[in-house]
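Here the structure comes first, spelled out in structure tokens, and everything after it is commentary.
Computed from a predicted structure; not experimentally measured. Just the heavy atoms: all of them, side chains too, but no hydrogens, waters or symmetry mates, feed the values below. In what follows, chains carry the letters A, B, and so on, assigned in the order in which the sequence lines appear, proteins first and then strands, with residues in each chain numbered from 1.
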Amino acid sequence: MLSRTAQNLFWMGRYIERADATARIIEMGHRMAMLPGSNEMEEWRSVALASGSAPDLAGEEDITPAQVIHRLLIDADNFSSIRSCLASARANGRAIRTALTQDMWEALNDGWRQLGEMDPETARRSLLALLEWTKNRTAAFRGAAEGSLLRNDGYFFLRLGGLIERADMTLRLLDVKYYVLLPETDVVGGGRDYHQWTSVLRATSALRAYHHVYKGDYSPWGIADFLILNSIFPRSVSYCYRAILRFLEDLAELYGERSACHDTCAAMVAQLDELEIERLFQSGLHEFIDGAIVTTQRLSGEISRAYHF
Amino acid sequence: MYNEMTGDDGAVRLPYDKVEEWIRTSGVDLLKLRQTEAEAIFRKIGITFAVYGEGGDPERLIPFDLIPRVFGASEWRRLSRGIKQRSRALNAFLYDVYHRGEIMRAGIIPEELVYRNEAFLPEMIGVDPPGRIYSHIVGVDIVRTNGKDFHVLEDNCRTPSGVSYMLENREIMMRMFPQLFAAGIVEAVDSYPEMLKKTLQEVAPIKCEDDPTVVLLTPGSLNSAYYEHSFLADLMGIELVEPQDLFIENGLCWMRTTRGPQRVDVIYRRIDDSYIDPLAFRPDSLLGVPGIFDVYRSGGVTLCSAPGAGVADDKAIYVFAPDMIKFYLGEKPILENIQTWRCAVKDDLAYVLANLKDLVVKRVHGSGGYGMLIGPHATKKEIEAFRAKIKEKPSEFIAQPTLDLSTAPILGEAGVEQRHVDFRPFCLVGREIRLAPGGLTRVALKKGSLVVNSSQGGGVKDTWILAD
């Protein structure tokens with residue numbers, strides 16, 4: 001496989017995942033802002049922060065929902081906005097048209113122009129429909145890949161990109177929201193309650209899944225455990241890393257060669273396997289999250305180098 | 001004016017009876033509805049065509065007209081023989097040009113026309129491409145002005161484009177109107193990619209020891225024909241590479257892959273000669289692969305088409321194609337040329353200047369329908385401006401009579417209307433000569449227009465060759 005093709009597939013996976021995750025975060029903000037007693041501005045501020053692409057906006061004193069929605073949904077200058085992500089994914093796909101199946105291409109190509117033609121006011125009015133549409137597009141793309149793409153290196157690179165991005169998004173969300181999860185004794189700002197906890201789950205579409213696993217016992221420990229260490233929730237850090245390792249092993253088997261990325265990933269999986277949530281809280285949740293974000297970035301770079309892109 | 005469906009006398013020609021019946025029984029309204037559906041499908045698949053220098057939508061659709069253009073089996077037999085004959089002669093000519101130059105020595109083609117030609121590459125002298133083949137895909141543009149003859153309007157020996165439309169137009173038609181094809185009356189075109197791949201494999205370079213690795217080289221996704229590049233690579237199951245994916249080492253050509261460098265043997269390149277190697281040709285080219293020309297010359301890699309093949313499709317050389325057929329093959333040309341005046345010839349020039357308002361004047365090296373004069377459709381001012389250009393450099397121009405191109409039915413605003421068409425088949429030249437039964441019919445969608453180029457508002461149609 002051409003290195004350029006691998007690179008494009010990897011990044012296409014990342015862009016699609018980022019568009020999807022951003023849609024979920026905006027949805028969370030929209031819902032939180034509607035709750036009685038919520039501070040609308042603060043909710044949108046945390047959305048801006050959690051997305052990772054609007055730190056400047058989050059830092060401003062007065063922000064409006066319209067600003068945040070514009071920046072994260074349709075802003076062409078923000079390369080992480082949903083619009084930019086979908087456009088980049090399509091551009092990547094177009095550049096390596098032969099590595100995609102017809103179904104995948106149609107999923108990328110269908111309706112991609114509509115966000116570019118939308119003004120902020122219309123976007124805000126039809127926000128939920130647009131978020132729904134975004135999730136549908138990304139789901140259609142992933143479904144097309146699952147159902148039609150050969151399980152060779154191309155598929156592995158696509159999935160690796162998606163999983164790295166997903167791990168990164170979950171970690172960033174935790175990074176922004178970790179204070180919500182701190183036990184009562186460690187006071188970092190107030191306002192921690194049921195809604196705040198569940199908002200973290202909502203942003204990863206994990207509310208019901210959590211319910212199934214923890215039987216409705218919303219505790220910060222449980223939520224952190226679920227998003228970091230749970231091995232069956234597909235957006236947890238642990239799940240993502242195990243899956244990354246699996247695809248890296250597939251690549252190693254196919255190419256008969258291992259690289260630094262394999263060691264980094266295996267070490268992280270081993271660490272996650274050993275960790276218990278109580279100990280994690282004791283040794284510092286925030287430090288762990290920061291460290292994991294750095295590791296994820298390093299892993300992404302090591303994958304590029306190992307496969308010459 | 002000759003009509004493809006109704007001939008000269010208004011009665012439906014035999015090859016068209018199925019199409020005529022289909023139009024009649026479907027009705028214009030239904031067909032128009034289906035036309036809109038077809039466009040939506042094209043857009044969804046992403047078959048687009050960018051037009052240089054026009055701005056606007058970089059991914060424009062080429063308009064597709066639903067009503068097929070039909071050739072009868074006997075018409076095709078003749079065309080097919082003529083096209084193959086011409087493709088052989090053009091390749092023989094190219095070999096001659098870069099070797100002993102017999103046809104010039106025999107005084108049949110003026111030397112300066114060849115050796116001073118912009119497309120002539122002195123670097124190619126004495127180079128022996130595998131199989132002595134220079135132009136592996138020959139696009140012969142064919143027109144018809146009456147019920148009897150076909151004429152060749154132009155040869156394309158470098159990288160003729162449009163074959164993806166031949167394949168996709170058929171796909172769409174079969175998807176939308178399966179009943180039309182149910183009886184098996186139309187020859188299938190879908191063997192083309194396989195034929196192309198075989199052709200490319202047959203011209204592996206001498207240094208290739210194994211099964212040849214064939215790639216398609218595209219300038220990139222911003223190129224107007226990018227869709228076609230990716231489409232063909234996909235159907236042939238070969239890598240679609242960009243110049244930055246290739247590099248030269250130890251006298252061979254390699255591509256960068258996730259497993260490290262991999263050897264490349266045959267390159268179907270869709271990049272112009274002058275851009276292919278900044279060391280050999282244009283030093284300012286950002287597109288090329290430095291050093292690839294040397295590797296080509298020493299038999300490390302095959303470039304298809306060969307550099308310098310363009311000298312055979314120059315419009316001044318075109319005039320001599322029937323002579324080439326006689327000279328190299330000892331045969332009588334099956335397809336004749338359109339009468340052509342070369343402005344480089346004194347008498348021709350005088351005639352052309354005196355009759356500009358009736359003639360079509362083309363640049364010798366031009367393509368895509370750009371920079372030409374259509375006398376009957378031009379204003380006085382345009383004609384005078386063109387006259388000045390011709391006088392300044394007569395050898396840059398040729399002229400032809402304004403052809404009464406045949407028309408074919410299209411689905412227009414007002415129902416079924418008649419528009420001018422031409423036809424481009426794609427002849428493959430490897431160890432053997434192959435021709436898929438079909439081609440691209442281009443249609444001038446503007447009423448009365450004679451320009452069928454997609455860059456100038458032309459559209460495309462499915463083309464049927466009827467089975468015997």
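Note that CZ of Arg94(A) is 7.0 Å distant from OH of Tyr226(B), once rounded to the nearest 0.5 Å. Once rounded to the nearest 0.5 Å, the distance linking CD of Gln7(A) with OG1 of Thr258(B) reads 12.0 Å. We find the CD-OG1 distance between Glu242(B) and Thr5(A) to be 9.0 Å, quoted to the nearest 0.5 Å.
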Discussion item. One pair to check against side-chain contact (heavy atoms from CB on, under 4.5 Å): Leu2(A) and Met255(B). What are the steps and the verdict?
Written reply: CA-CA 7 Å; Leu2(A) 289 177; Met255(B) 59 181 164; 3.6 Å; yes

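The neighbour count for Tyr275(B) OH, taken as heavy atoms of other residues, nucleotides or ligands under 6.0 Å away, does not exceed 12. Heavy atoms from other residues, nucleotides or ligands lying under 6.0 Å from CZ of Phe181(B) number more than 12. For Phe233(A), the CZ atom sits in a packed shell: over 12 heavy atoms of surrounding residues, nucleotides or ligands are nearer than 6.0 Å. Taking a 6.0 Å sphere around CD of Glu146(A), one finds it holds more than 12 heavy atoms contributed by other residues, nucleotides or ligands. Heavy-atom neighbours of Glu253(A) CD from other residues, nucleotides or ligands within 6.0 Å: at or below the threshold of 12.
No option in Leu240(B), Thr257(B), Asp245(B) other than Asp245(B) meets the side chain to side chain contact (heavy atoms under 4.5 Å, CB included) test with Arg4(A).
Heavy atoms of Gln244(B) lying under 4.5 Å from chain A belong exclusively to its side chain.
Side-chain contact between Leu254(A) and Arg259(B): present, with at least one pair of heavy atoms (C-beta onward) separated by less than 4.5 Å.
Ala95(A) and Ser221(B) get closest at one heavy-atom pair: CA-CB, 4.1 Å.
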